[in-house]
Amino acid sequence: MQVQLPDGSERELPDGATAYDLAADIGPRLAKDALIAVVDGSEIDLDAPLTDGAVVELVTPDSERGLHTIRHSTAHVLAQAVLKLWPGSTFAIGPAIENGFYYDFALPNNDTFSDDDLEKIDAEMRSIIDAKQPFVRSEMSPDEALQLMEGHAYKQAIIRSVTGADSDAGSGNDLSTEVSGDVISFYRNSDEFIDMCVGPHVPHTGHLGHFALQRVSGAYWRGREDQPMLQRIYGTAWHSKKALKQHLHNLEEAAKRDHRKLAAELDLLSFPSQLGGGLAVWHPRGAIVRKLMEDYSRQRHEEGGYEFVFTPHLANGRLFETSGHLDFYADGMYPPMEMDNGTYYMKPMNCPMHCLIFDHGQKSYRELPLRLFELGTVYRYERAGTLHGLLRIRGFTQDDSHIYCTEDQLQDEIASLLDFVLSILRAFGFDEFTFNLSTKNPDKFVGSDEIWELATDALARALDRHGLEYEVKEGDAAFYGPKIDIDVKDAIGRSWQLSTIQADFTLPERFDLTYVDHDGERRRPIMLHRALLGSIERFFGVLIEHYAGNFPTWLAPVQVQVLPVADAHRDYAEQVVARLVDAGFRAELLASSDPLGKRIRNAKMAKTPHVLVVGDDDIAAGTVGDNPRGGQVERGVALNDFIGRLSDEAQI
RNA sequence: GCCCGAAUAGCUCAGUUGGCCAGAGCAACGCUCUUGUAAAGCGUAGGUCGUGGGUUCGAAUCCCACUUCGGGCUCCA
């Protein structure tokens with residue numbers, strides 16, 4: 001028979017040849033390295049027979065598919081180790097994930113793993129790997145599979161959901177959606193261990209080994225809180241020792257950027273336990289950065305035709321009944337406060353209040369689009385276990401805007417919003433974006449289908465008009481309307497969801513908002529919700545990690561620290577500071593009895609953009625010695641020149 | 001909320017199987033020193049060992065509860 005390779009060339013193979021035979025025919029190196037094959041788009045085991053005319057791609061360990069296979073197979077080895085070490089335990093699912101894998105188990109007597117167990121498991125896994133156990137595929141009917149998995153309730157549940165026999169498995173995104181139910185496949189590694197799996201897998205466990213078990217955690221079966229909690233073990237796995245080391249190194253580097261660590265070190269803000277979970281206080285050095293961020297945001301909004309408003313943090317529950325929040329968002333709201341004239345709630349969003357502002361007085365079409373802007377602080381009840389530094393917090397300030405416009409204005413408004421958002425994100429140092437369009441969640445929405453379609457269409461067309469590629473996220477929208485979410489990539493390639501533009505045909509209706517049109521008719525405005533940095537707190541956390549604490553000069557809490565070489569130069573140093581402050585910069589004197597080297601160290605560790613050292617030469621010549629962050633020391637820079645340079649550098 | 005783990009001085013951490021006044025480095029403060037680019041010297045002060053209960057002759061250490069923090073809670077057998 002003949003098969004075709006990805007480069008278009010053809011190979012003649014004997015009938016019944018496997019993918020491995022093909023690899024061997026091409027070369028011994030490939031025969032040794034190949035893990036699986038891709039035939040006509042689907043992945044198969046290396047020992048699977050090929051058919052005449054197939055297009056075959058051999059997958060090597062360093063490819064995406066290869067890594068995925070290694071991770072998936074390593075998960076199986078993990079399961080084998082755990083089932084051996086904990087007799088009577090059972091297993092659920094063990095997929096490959098980004099950079100690694102996990103496997104979920106239930107231990108006898110509801111036992112749990114502890115960190116110490118990882119070492120034992122790791123050792124057992126390595127002995128399985130040393131044994132070079134083959135992954136041998138077999139297929140059987142669902143009935144036979146159920147029998148084989150006797151005593152493994154989760155595997156049986158999977159068989160039932162795969163074969164459609166389990167109506168409780170849920171809908172839509174459930175496991176059963178894309179899996180054929182006629183045949184159940186298994187992979188046997190040894191007499192003792194067999195796991196149900198679609199595969200494919202590496203030929204034998206000897207292809208594995210560059211892995212590390214990372215942590216244990218609880219995980220609900222099927223991710224649902226009404227289901228039992230399983231014990232999950234996470235690991236990472238790679239094709240080479242070097243790649244594994246690199247990954248572990250990357251994790252360390254990311255940990256160094258952790259905003260919680262840097263915020264404490266740089267004295268930016270803190271989360272005092274006396275305050276309660278998920279609530280932060282901003283220290284002077286963090287607050288100045290926040291103020292600069294907010295000032296910039298305000299200035300841009302002013303230029304962008306927004307009008308500023310202020311609204312309270314608290315409102316009568318009737319407002320949130322009108323808005324629908326008590327029906328659809330109650331889980332995210334703080335519990336009610338009973339007061340003499342009603343029940344009050346902390347506001348979880350600013351939109352209802354902005355609707356009240358719109359509602360005051362009769363609006364004319366001439367006033368639209370009306371763009372209301374507020375740095376509005378909201379409070380959301382995030383579940384205790386989900387709080388995470390500044391990134392998930394219970395009280396935060398949104399750079400929130402609600403735009404009321406006519407149907408005709410909608411397209412242009414969304415289009416210009418996209419420009420506005422991207423321009424501001426770029427100012428903060430982000431220039432790689434991805435766009436997601438979230439559509440209606442059929443279980444949680446208000447408004448008619450027609451209205452949703454209209455709004456979704458408007459957002460999609462705005463993205464198209466900009467030539468922006470986007471992914472559609474079915475069912476991800478808020479209850480009141482579809483949205484565009486904008487993710488940014490940070491300096492080390494991580495993705496963060498920041499901005500959101502949401503169309504809303506619902507709130508104007510609930511608040512019965514109208515404007516008087518050309519023809520004297522009252523018409524319903526369309527509303528756009530738009531947060532740009534999102535939460536100021538969260539954005540600040542992302543910025544810290546993006547810059548690793550090295551804020552660009554325009555945002556740095558202190559831009560220049562001036563260090564006299566000795567006390568005799570203190571007066572001059574003070575003059576330099578005064579000149580810089582006069583020129584509008586944030587400059588500080590760093591004089592103390594500490595030696596110069598020590599003070600430089602302190603200034604450097606504070607990540608100050610410019611450390612100026614001044615001594616005799618500088619007094620004589622009116623210069624400074626500039627030690628810029630990340631650059632070379634330059635002696636004898638005229639103060640005026642330095643100020644000029646700094647002005648350029650501090651431009652946004 | 002649920003699973004695992006953590007909480008000792010401002011920070012980073014020691015503290016052996018429960019047993020003399022709980023330690024170190026850095027930071028702070030005081031004194032001394034004072035000339036050019038990433039840690040000067042000496043000294044002082046600082047902790048009800050997260051909070052509350054319990055076990056014990058005796059608890060930072062063991063048990064329980066609470067608080068806060070960290071890692072997770074279907075990126076498809």
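Below, chains carry the letters A, B, ... as their sequence lines are ordered, and counting in each starts from 1. Computed from a predicted structure; not experimentally measured.
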Please determine whether a side-chain nitrogen of the Lys or Arg among [X] and [Y] lies less than 4.0 Å from a carboxylate oxygen of the Asp or Glu.
| X | Y | answer |
| --- | --- | --- |
| A/Glu43 | A/Arg65 | yes |
| A/Arg383 | A/Glu225 | yes |
| A/Arg645 | A/Glu649 | no |
| A/Arg392 | A/Glu382 | yes |

Between [N] ([atom2]) and [X] ([atom1]): distance, integer Å:
| X | N | atom1 | atom2 | value |
| --- | --- | --- | --- | --- |
| A/Arg222 | B/G72 | CZ | P | 24 Å |
| A/Glu43 | B/C76 | CD | P | 12 Å |
| A/Leu391 | B/G70 | CG | P | 10 Å |
| A/Arg599 | B/C33 | CZ | P | 16 Å |
| A/His569 | B/U37 | NE2 | P | 13 Å |
| A/Asp567 | B/C33 | CG | P | 11 Å |
| A/His283 | B/G10 | NE2 | P | 14 Å |
| A/Asn110 | B/C3 | CG | C1' | 11 Å |

Taking any heavy-atom pair under 4.0 Å as a contact, classify [X]: base, sugar-phosphate, or nothing.
| X | answer |
| --- | --- |
| A/Leu387 | sugar-phosphate |
| A/Gly389 | sugar-phosphate |
| A/Glu265 | nothing |
| A/Asp104 | nothing |
| A/Leu596 | sugar-phosphate |
| A/Gly597 | sugar-phosphate |
| A/Tyr102 | sugar-phosphate |
| A/Gly277 | sugar-phosphate |
| A/Ala96 | sugar-phosphate |
| A/Pro595 | base |
| A/Arg383 | base |
| A/Phe186 | nothing |
| A/Asn602 | nothing |
| A/Gly278 | sugar-phosphate |

Whole-angstrom distance between [N] and [M], as gauged at atom [atom1]:
| N | M | atom1 | answer |
| --- | --- | --- | --- |
| B/G53 | B/U67 | C1' | 15 Å |
| B/C20 | B/G15 | C1' | 15 Å |
| B/G46 | B/A40 | C1' | 23 Å |
| B/A45 | B/G1 | P | 44 Å |

Nearest listed nucleotide, side chain of [X], among [options]:
| X | options | value |
| --- | --- | --- |
| A/Asp617 | B/G36, B/G72, B/A77 | B/G36 |
| A/Pro95 | B/C76, B/C73, B/A38 | B/C76 |
| A/Arg260 | B/C4, B/G71, B/U74 | B/G71 |
| A/Val565 | B/U37, B/U35, B/A40 | B/U35 |
| A/Ser593 | B/C33, B/G36, B/G1 | B/C33 |
| A/His72 | B/G36, B/A77, B/A40 | B/A77 |
| A/Ser217 | B/C3, B/A77, B/U74 | B/C3 |
| A/Ile93 | B/U74, B/C2, B/C76 | B/U74 |

Does [N] pair with anything, Watson-Crick or G-U wobble, both distances under 3.5 Å, and if so, with which nucleotide?
| N | result |
| --- | --- |
| B/C66 | B/G50 |
| B/A77 | none |
| B/C11 | B/G25 |
| B/U37 | none |
| B/U55 | none |

Subject >> Base B/G1 to side chain A/Tyr220, donor-acceptor N/O within 3.5 Å cut-off >> reply: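 Pair found.
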Original post:
Per the atom types in the model, does the base of B/G36 pair as donor or acceptor with the side chain of A/Asp616 at under 3.5 Å?
Top reply: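 There is none.
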If the cut-off is 4.0 Å, is [X] near the phosphate of [N], judged by side-chain N/O to OP1 or OP2?
| X | N | answer |
| --- | --- | --- |
| A/His76 | B/A77 | no |
| A/Thr112 | B/C4 | yes |
| A/Arg635 | B/U37 | no |
| A/Lys598 | B/A27 | yes |
| A/Tyr234 | B/C4 | no |

Original post:
Do A/Arg599 side-chain atoms and A/Asp594 backbone N/O form a donor-acceptor pair below 3.5 Å?
Top reply: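 Looks like yes, one N/O pair under 3.5 Å.
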**OP:** Return the 5'-most residue of the pair A/Gly223, A/Leu230 with respect to RNA chain B, ranking by each residue's nearest nucleotide.
**Re:**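 Result of the comparison: A/Leu230.
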Original post:
Rounded to the nearest 0.5 Å, what separation is found between the CG atom of A/Leu266 and the CZ atom of A/Arg285?
Top reply: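 The distance works out to 9.0 Å.
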Original post:
Parallel, tilted or perpendicular: which describes the rings of A/Trp238 and A/His247, with under 30° parallel and over 60° perpendicular?
Top reply: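 Answer is tilted, since the angle falls between 30° and 60°.
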Original post:
Can you name the nearest heavy-atom pair linking A/Ala280 to A/Leu390, along with the distance?
Top reply: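 So the minimum-distance heavy-atom pair works out to CB-CD2, 4.4 Å.
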Subject >> Test ring-ring contact (aromatic ring centres under 6.0 Å, His included) applied to A/Phe540 and A/Trp496, A/Tyr547, A/Trp282, the passing residue >> reply: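 The ring-ring contact (aromatic ring centres under 6.0 Å, His included) with A/Phe540 is passed solely by A/Trp282 among A/Trp496, A/Tyr547, A/Trp282.
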